[in-house]
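Numbers restart at 1 for each chain; the letters A, B, ... are given by sequence-line order, proteins then strands.
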There are 2 protein chains.
Amino acid sequence: MQHSTLKAILKKNGSSLTRTRRLIFDLLDGQDPQSMQVLISRAAGQLDRATIYRTIELFERLGIVHRLNIGWKYKIELSDVFTGHHHHLHCSKCGKILDLPSNPMLETMIDTLATKAEFAPRNHILEIYGLCPACKQAGSK
Amino acid sequence: MQHSTLKAILKKNGSSLTRTRRLIFDLLDGQDPQSMQVLISRAAGQLDRATIYRTIELFERLGIVHRLNIGWKYKIELSDVFTGHHHHLHCSKCGKILDLPSNPMLETMIDTLATKAEFAPRNHILEIYGLCPACKQAGSK
DNA sequence: AAATTATTGCGACAGATTTGCAAATATAAT
DNA sequence: ATTATATTTGCAAATCTGTCGCAATAATTT
């Protein structure tokens with residue numbers, strides 16, 4: 001959907017938008033965060049494992065995607081540039097991951113706190129764990 | 001330093017404070033978050049790899065430590081019980097990880113936002129990326 | 001002290017990620 | 001468009017991480 005932005009980021013860093021890269025981008029675009037295994041199997045027959053790892057590494061380095069940690073695994077999602085800044089709500093029961101849109105006041109407070117600690121904040125990740133609406137309901141019977 | 005607390009937690013769960021467990025606890029106590037590789041090499045000759053994995057898994061299950069995700073790796077740190085609730089400031093330049101003590105107002109705001117989204121928050125992780133005081137200085141010459 | 005239970009070490013192993021290198025593809029230069 | 005140059009990809013092999021079964025040790029209970 002946003003191939004022009006993608007292409008621009010790549011070009012700015014001396015890389016180009018190849019068939020491979022477009023394909024991997026498309027596997028991520030509009031989807032929930034994806035595990036490597038899923039990416040690898042979705043691209044089976046078209047792309048090699050190593051290529052996928054290398055591409056994700058490149059994408060991460062250029063800020064196109066970032067790794068979302070889940071327990072001691074991780075999944076890949078497009079970065080804020082493509083999705084808008086947001087946080088995640090992880091349901092401890094059903095495992096679903098919901099988006100929590102960013103809130104200006106919260107962002108400000110986080111930056112303020114970091115700045116007070118003499119730190120120069122650039123970005124941050126906030127992951128909240130608990131029960132999603134559905135599981136919360138189910139639990140309170 | 002807090003071996004009695006450690007022992008109490010273990011005992012409550014039907015486990016005991018063995019030499020092995022004390023050693024691993026001491027490798028974590030008062031240190032920055034540690035990677036498994038570091039723990040393994042620090043304990044080289046004294047403990048087997050598998051034992052360290054098993055012990056960390058036990059510690060995590062009992063809430064003695066937790067995994068701190070960093071990119072697609074993770075590090076281990078003692079849990080809030082031993083360190084107090086806090087967040088992390090990751091320096092993108094030197095890689096150092098600093099603690100940011102928890103702030104009641106921030107915690108409240110996070111919980112409120114999650115609750116407004118119909119979610120039942122239980123706990124959360126906030127990781128802030130940017131430049132640490134030293135690197136910030138160095139950069140602004 | 002003997003019996004029972006929990007813990008640890010030692011391979012061996014499965015899966016995940018990385019690497020070197022040659023082939024293929026893309027980009028730049030003529 | 002064709003050649004030269006640099007980048008990207010696939011393939012196979014190597015490495016790294018984390019896990020497992022099982023026998024040996026250590027701890028706890030009787």
Judged by nearest nucleotide, the residue sitting upstream toward the 5' end of DNA chain C, B:Gly14 or A:Lys73, is B:Gly14
Q.
So, under a plain 3.5 Å distance rule, would you say the side chain of A:Arg54 forms a donor-acceptor pair with the base of D:dG10?
A.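 Counting by modelled atom types and ignoring angles, a donor-acceptor contact under 3.5 Å is found here.
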| message | Regarding D:dG10, can its base be found pairing with the side chain of A:Arg49 as donor and acceptor, where the two atoms are less than 3.5 Å apart? | response | no
### Members of residues 34-46 of chain B that approach DNA chain C, where some heavy atom sits under 4.0 Å away
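Within residues 34-46 of chain B, the residues near DNA chain C are B:Gln46.
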[X] side chain to [Y] backbone, donor-acceptor under 3.5 Å:
{"X": "B:Thr51", "Y": "B:Leu47", "result": "no"}
{"X": "A:Asn13", "Y": "A:Ser15", "result": "no"}
{"X": "B:Lys136", "Y": "A:Glu118", "result": "yes"}

*asked:* Is there a side-chain contact between A:Arg67 and A:Lys75 in this structure, where contact means two heavy atoms from C-beta onward sitting under 4.5 Å apart?
replied: no
Tested for side chain to side chain donor-acceptor pair (under 3.5 Å) against A:Ser102, the lone hit among A:Glu107, A:His85, A:His86 is A:Glu107
I want to check one thing: is the phosphate of [N], taken as OP1 and OP2, less than 4.0 Å away from some side-chain N or O of [X]?
{"X": "A:Thr20", "N": "D:dT8", "value": "no"}
{"X": "A:Thr18", "N": "C:dT25", "value": "no"}
{"X": "B:Tyr53", "N": "C:dC10", "value": "no"}
{"X": "A:Thr51", "N": "D:dT8", "value": "no"}

Q: Name the residue closer to the 5' end of DNA chain D, choosing between B:Ala50 and B:Ser16 according to the nucleotide with the nearest heavy atom.
A: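 Result of the comparison: B:Ala50.
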inquiry  = Nearest whole Å is fine: how far is C:dT7 P from B:Arg21 CZ?
reply    =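 About 4 Å, once rounded to whole Å.
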Sorted by chain and number, sequence neighbours left out, salt bridge (Lys or Arg N to Asp or Glu O under 4.0 Å) with A:Arg21 holds for none
